[in-house]
Amino acid sequence: MTQLKDDCFAHGDELTPLDVALEQLEQTVNAVVGIEEVPLIDALARILAEDVVAERNVPPHDNSAVDGYAVCHQDLSPDADSRLPVAGRITAGHKLGRPAKPGEVYRIFTGAPMPERCDTVFMQEDVRLEGDDVILPAGIKQGSNRRFKGEDVTTGSVILARGKRLRPQEVGLAASVGRSKLFVYKALRVAVFSTGDEVRDPSQDAPEGCIFDANRFTIMGLLVRLGCQVTDLGILEDDETVIKDALASAARDHDLLFTSGGVSVGDEDHIKPAVEKLGSLHFWRLAIKPGRPIAFGQVAGTPFVGLPGNPVAAMVTFMCVARGLVLRLSGAHDVNPTVYRVRAAFTFKGKGGRREWLRARLEIDGDGLYSAHLFPAAGSGVLTSMVASDGLVEVSEDQTQINEGDLVDYLAFPELCP
Ligand code: AMP
Ligand code: MG
């Protein structure tokens, strides 16, 4: 296959900086999936497709934060013990049922509604009972141990915003305002292919010169963790027509297509011409390491990502470049992982001008802070390096030297692949 002279891929043209590429992606990509209403428990790990507005206060009434005795602060003696009659008992879920009277104290339990006049609760450990009276020590602050109506959520406020990935606490908060169902985005339908004449499914024989397919499993795993509905479309041989037909067919009933391999400079790399015949490629060569050859485009309108073939490069480019796209297409708004700062337990000299990710394991130093230790053999085919690592040290384009003890940016695998 001949490369055109003005094909930037055939030349050593300028590499696209990662931020420029990501910015481009962000502007072109919107949620593509439909919306469905699901029972609350099924909403976990899904992406919210509505703004949830509270239709009631939480808590719905002023209530006691402790088991104890409810009083009106005004009825207490400011500088001596007060002796007052216990005139009622209020348990959670039940009201006093009559107006509170001046000078009366009420036995009250955690979560029980405060009687109207009362504004302060003594903890039961702090008082003494004498017959029908209770002895209340001086000095309690007005409002102690009283929870206000609406102090967690006020009626009418937006408690959860569209685009939020729902964790147990968000699902719980929706329940606390009385929602039993939520509108969420439908799972993104993603097709995954591997490419390469040498690549074999692990359930089959691998004749001499062949390798087993690792990428389909790492990529499908990453997609499943991000909440996608994944279709395993197997391995494509290195043939432009085969690749073209398979992508065209998958584009019909998927929201996103992933391949790995076949995006390098070699004559047997057929992804680029295949995709260009079916749609277009937006960018191709990024200033990143590992994984410089990575393809983003569309096949008959369906977004397409061609990851590099080397297993580490495929995973790292998924995590650091494609992950945001997957989440955005799925309807998520905040897609960036937290960048932690940890101490480098290594020295590093880089070329600069590109974003680089180093596989790292964390250890706790004597002072209790984390330091990042690099995996020694760093080839982009060494998948054991990913297994031995906890995350990635991110080296920015202008960082050419890292010294032991420097603080560096660190991306945690549990977050990149939740
Ligand atoms: P390619 O980009 O197709 O030239 O592949 C680069 C390297 O990654 C080659 O050594 C391939 O054999 C290897 N490779 C490609 N696809 C896979 C895969 N699915 N699983 C494991 N290794 C792969
Ligand atoms: Mg290949």
Using only atom types and a distance under 3.5 Å, with no angle test, would you say the side chain of [X] pairs donor to acceptor with the backbone of [Y]?
| X | Y | value |
| --- | --- | --- |
| T317 | A313 | yes |
| R189 | K186 | no |
| R165 | R46 | no |
| T120 | Q142 | no |
| N145 | V121 | yes |
| D67 | T110 | yes |
| T231 | A191 | no |

How long is the span from the CD1 atom in I90 to the CG atom in N63, to the nearest 0.5 Å?
->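 So the gap between those two atoms works out to 11.0 Å.
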
Rounded to the nearest 0.5 Å, what separation is found between the OG atom of S389 and the NE2 atom of H373?
->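 With rounding to 0.5 Å, OG (S389) is 12.0 Å from NE2 (H373).
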
Any side-chain heavy atom of [X] within less than 4.5 Å of one from [Y]?
| X | Y | result |
| --- | --- | --- |
| I402 | V395 | yes |
| D255 | V33 | yes |
| I140 | F122 | yes |
| L226 | R323 | yes |

Could you point out which residue of E50, E55, E37 forms a salt bridge (charged side-chain N to carboxylate O under 4.0 Å, His left out) with R179?
->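 Passing option: E50.
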
For Y69, is the NZ or CZ atom of R107 found under 6.0 angstrom from the centre of its six-membered ring and inside 45 degrees of the ring axis?
->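 Checked: cation-pi criterion met.
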
Is [X] salt-bridged to [Y], cutoff N-O under 4.0 Å?
| X | Y | answer |
| --- | --- | --- |
| D152 | R147 | no |
| E170 | K164 | yes |
| R343 | D406 | no |

Look at atom CD of Q74 and say whether more than 12 heavy atoms of other residues, nucleotides or ligands are closer to it than 6.0 Å.
->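 No.
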
Do other residues, nucleotides or ligands put more than 12 heavy atoms under 6.0 Å from D334 CG?
->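 No, CG of D334 has 12 or fewer neighbouring heavy atoms, counting only those of other groups under 6.0 Å.
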
Any pair with a residue in residues 212-224 that passes side chain to side chain donor-acceptor pair (under 3.5 Å), sequence neighbours left out, goes on the list, sorted by first then second residue, please.
->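 For residues 212-224, and leaving out neighbouring residues, the side chain to side chain donor-acceptor pair (under 3.5 Å) pairs sorted by first residue read S194-D213, D201-R216, D213-R216, N215-S260, R216-D232.
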
Donor on one side chain, acceptor on other, R117 and Y106, under 3.5 Å |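 Distance-only check fails for R117 and Y106.
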
Give the minimum heavy-atom separation between D239 and H270, together with the two atoms involved.
->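 So the minimum-distance heavy-atom pair works out to N-CD2, 3.6 Å.
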
Using side chain to side chain contact (heavy atoms under 4.5 Å, CB included) as the criterion, list what pairs up with Q401, not counting sequence neighbours.
->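 Scan of Q401 (side chain to side chain contact (heavy atoms under 4.5 Å, CB included), adjacent residues dropped) gives K349, N403.
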
